Peer 1: 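Okay, here's the structure, questions in a sec.
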Amino acid sequence: MLSTVIPVAGLGTRSLPASKVIPKEMLPVFDRPIIQYIVEESIQSGASNIIFVTSKGKTAIEDHFDISFELEHLLERTKKTDLYKGIHALSREISIQSVRQKEQLGLGHAVLMAKNLIHTGPFGVLLGDDMIDSNPAGLKQLTNTYDLVKKNQAADIGVVMLSEVPDSEVSKYGICEIKSGTDFQITRCVEKPQPHETKSRFAILGRYLLPLDTFEILESQSRGALGEIQLTDALNALAKQGRLFGCVLKGQRFDAGDRLGFLKANIHYYLKSPMAQDVKNFLKEILK
Ligand code: UTP
């Protein structure tokens with residue numbers, strides 16, 4: 001059984017003022033909130049147990065996946081069956097639980113909040129604002145890599161999603177250094193380095209498949225700046241033991257927590273929709 005953790009407890013300051021009352025994960029991209037794409041990717045990757053790590057003001061996320069009898073009844077009665085089917089399936093076919101992160105003490109701390117709800121590894125972590133459009137689904141690409149690499153490893157391993165970034169973007173990401181001559185065995189992860197501090201350009205995107213003992217590593221590691229528990233430190237502990245591997249994304253990724261990334265995601269999904277031609281006509285018109 002694959003469990004996934006979706007941390008959504010961050011403050012979302014880059015999306016203000018839109019995210020002041022509405023969680024940024026609930027902002028719509030084409031016809032659904034961002035978080036629905038992340039949950040759908042989890043399901044397409046084989047997850048049957050999904051855990052949101054939430055904070056104050058994020059209840060709309062839980063409500064979105066709850067059953068709405070009134071709405072279902074109305075849609076059924078007015079014969080809007082397509083809409084009905086979508087809402088009906090998501091509300092009933094998945095097990096979703098949530099835990100609170102009472103203080104925002106970092107991504108590692110957010111993941112640790114899910115410890116008591118996960119009993120088998122590896123488990124997935126999907127950041128709530130990182131959208132991936134790919135086939136196979138983003139997290140599925142990690143589980144496929146895991147199955148290939150694990151055959152030759154005695155201990156359990158972790159796999160992270162990587163993508164090459166230009167020099168100008170290096171300082172925005174965790175960057176992974178790869179052992180030469182290996183199939184993406186990671187030797188070190190550096191959190192938001194300057195381009196001259198590492199030769200690697202492989203950035204971690206918001207998808208991780210982690211062994212169960214990651215929770216123990218997170219619990220025992222010392223806190224970083226601002227008392228935060230960093231996921232990067234746990235990844236480095238796995239890397240030191242030769243237990244961390246990379247998988248280069250085949251597909252498209254959008255940082256929907258960033259203004260331009262959010263716009264790009266919207267354009268991308270509108271252009272994949274039945275409204276594509278109307279959108280193209282409009283863009284042609286305004287770019288004249
Ligand atoms: P971000 O770095 O994007 O932070 O977190 P943020 O607060 O969401 O957004 P900005 O930068 O202020 O605009 C990456 C992911 O980790 C989660 C966030 O919800 C997001 O999905 N996170 C981060 C937590 O759940 N808890 C934390 O303490 C920190």
Side-chain angles (χ1 to χ4, degrees), residues 1-8 38-53 94-99 106-128 130 132 134 136-163 174 176 178-179 182-189 202-221 229-251 253:
M1 181 180 86
L2 179 67
S3 296
T4 57
V5 180
I6 307 183
V8 291
I38 314 283
V39 165
E40 285 168 357
E41 180 190 324
S42 278
I43 297 168
Q44 284 158 15
S45 303
S48 50
N49 181 30
I50 295 177
I51 299 151
F52 290 133
V53 181
I94 48 175
S95 146
I96 291 196
Q97 308 177 68
S98 350
V99 279
L107 180 56
H109 182 255
V111 171
L112 194 49
M113 297 298 104
K115 182 186 171 203
N116 292 336
L117 298 175
I118 296 184
H119 308 290
T120 52
F123 64 94
V125 176
L126 299 91
L127 298 196
D130 240 332
I132 288 181
S134 64
L139 187 68
K140 182 73 185 148
Q141 295 185 24
L142 296 192
T143 61
N144 289 346
T145 301
Y146 175 92
D147 290 342
L148 278 177
V149 179
K150 178 70 184 75
K151 280 185 205 153
N152 307 315
Q153 303 286 325
D156 204 4
I157 58 163
V159 186
V160 295
M161 182 68 87
L162 299 177
S163 181
C176 289
I178 312 296
K179 190 171 174 181
T182 67
D183 226 0
F184 282 93
Q185 184 183 332
I186 294 168
T187 51
R188 187 170 82 116
C189 304
F202 283 111
I204 307 184
L205 307 182
R207 299 293 182 272
Y208 312 77
L209 190 67
L210 299 170
L212 200 56
D213 66 322
T214 305
F215 291 122
E216 281 160 36
I217 298 173
L218 284 168
E219 264 172 340
S220 64
Q221 79 193 26
I229 299 180
Q230 302 287 353
L231 188 61
T232 310
D233 292 341
L235 296 179
N236 266 319
L238 292 171
K240 261 193 190 153
Q241 297 168 18
R243 297 170 58 202
L244 190 66
F245 295 82
C247 162
V248 178
L249 169 67
K250 292 187 190 74
R253 173 259 180 182

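Since the model is a prediction, treat every value here as computed from it, not as a measurement. Residues take their numbers from the sequence shown, with the count starting at 1.
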Peer 1: Any non-hydrogen side-chain atom of Ile204 less than 4.5 Å from a side-chain atom of Leu162?
Peer 2: yes
Peer 1: Calculate, to the nearest 0.5 Å, the distance between atoms CZ and NZ belonging to Arg188 and Lys179 respectively.
Peer 2: 15.5 Å
Peer 1: Which pair of heavy atoms, one from Asp130 and one from Leu205, lies closest together, and at what distance?
Peer 2: OD2-C, 4.0 Å
Peer 1: When rounded to the nearest 0.5 angstrom, what is the spacing between NZ in Lys140 and CD1 in Ile132?
Peer 2: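 If we round to the nearest 0.5 Å, Lys140:NZ and Ile132:CD1 are 15.0 Å apart.
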Peer 1: For the pair Asn236 (side chain) and Cys189 (backbone), establish whether a donor and an acceptor sit closer than 3.5 Å, ignoring hydrogens and angles.
Peer 2: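 Checking the backbone N and O of Cys189 against the side chain of Asn236, a donor-acceptor pair under 3.5 Å is found.
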Peer 1: Looking only at non-hydrogen atoms, find the nearest pair between Leu2 and Ser45 and report the distance.
Peer 2: CD2-O, 3.6 Å
Peer 1: Measuring from Ile217:CD1 to Leu238:CG, what's the distance to the nearest 0.5 Å?
Peer 2: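 It comes to 4.0 Å.
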Peer 1: Please lay out, stage by stage, how Val111 and Val53 fare under the test side-chain contact (heavy atoms from CB on, under 4.5 Å).
Peer 2: CA-CA 7 Å; Val111 171; Val53 181; over 6 Å; no
Peer 1: Under 4.5 Å between any side-chain heavy atoms of Val8 and Ile38, yes or no?
Peer 2: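 No - every pair of side-chain heavy atoms lies 4.5 Å or more apart.
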Peer 1: In the structure I gave you, are the side-chain heavy atoms of Ile43 and Ile50 within less than 4.5 Å of one another anywhere?
Peer 2: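 Yes; the side chains approach each other to less than 4.5 Å.
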Peer 1: Is a donor on one side and an acceptor on the other found under 3.5 Å between the side chain of Lys150 and the backbone of Gln153?
Peer 2: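 Checking the backbone N and O of Gln153 against the side chain of Lys150, a donor-acceptor pair under 3.5 Å is found.
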Peer 1: If you compare all heavy atoms of Gln230 against all heavy atoms of Gln221, which two are closest, and at what distance to 0.1 Å?
Peer 2: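 Gln230 and Gln221 have their closest heavy atoms at O-NE2, 2.8 Å.
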Peer 1: Indicate the ring-plane relationship of Phe215 and Phe123, choosing parallel, tilted or perpendicular according to the 30° and 60° boundaries.
Peer 2: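 Aromatic pair Phe215/Phe123 classed parallel.
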Peer 1: Counting distance only, does the side-chain N/O of Arg253 pair as donor-acceptor with the main-chain N or O of Gly138 below 3.5 Å?
Peer 2: no
Peer 1: Are the side chain of Arg243 and the backbone of Asp156 linked by a donor-acceptor contact shorter than 3.5 Å?
Peer 2: yes
Peer 1: Would you check if Arg207 and Thr4 make a side-chain contact, meaning some heavy-atom pair closer than 4.5 Å?
Peer 2: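 No, side chains not in contact.
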Peer 1: Does Leu127 reach the side chain of Pro7, with side-chain heavy atoms less than 4.5 Å apart?
Peer 2: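 Yes; the side chains approach each other to less than 4.5 Å.
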Peer 1: In Å, rounded to the nearest 0.5 Å, how long is the span from CG of Asn49 to CD1 of Ile96?
Peer 2: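 Separation between the atoms: 9.5 Å.
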Peer 1: Might you point out which heavy atoms bring Ile178 and Phe202 nearest each other, and give the distance in Å?
Peer 2: CG1-CD1, 3.9 Å
Peer 1: Look at the side chain of Gln141 and the backbone N and O of Cys247, then say whether any donor-acceptor pair between them is shorter than 3.5 Å.
Peer 2: no
Peer 1: Kindly indicate whether the side chain of Met161, heavy atoms from C-beta on, has any atom under 4.5 Å from the side chain of Ser163.
Peer 2: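 No, every pair of side-chain atoms sits at 4.5 Å or beyond.
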Peer 1: For Ile186 versus Ala239, what's the shortest heavy-atom pair and its separation?
Peer 2: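 Closest pair (atom of Ile186, atom of Ala239, distance): O-CB, 3.5 Å.
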Peer 1: Please round to the nearest 0.5 Å and tell me the distance separating atom CD1 of Ile51 and atom OG of Ser95.
Peer 2: 8.0 Å
Peer 1: When you compare the side chain of Leu235 with that of Tyr208, does any pair of heavy atoms fall below 4.5 Å?
Peer 2: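 Contact flag for Tyr208/Leu235 side chains = yes.
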Peer 1: Distance from Leu142 atom CG to Asp147 atom CG, nearest 0.5 Å?
Peer 2: 11.0 Å
Peer 1: Got Val149 and Val159 here, is their nearest side-chain heavy-atom distance under 4.5 Å?
Peer 2: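 Val149 vs Val159: side chains apart.
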Peer 1: What are the two closest non-hydrogen atoms of Leu126 and Ser42, and how far apart are they?
Peer 2: CD1-OG, 3.4 Å
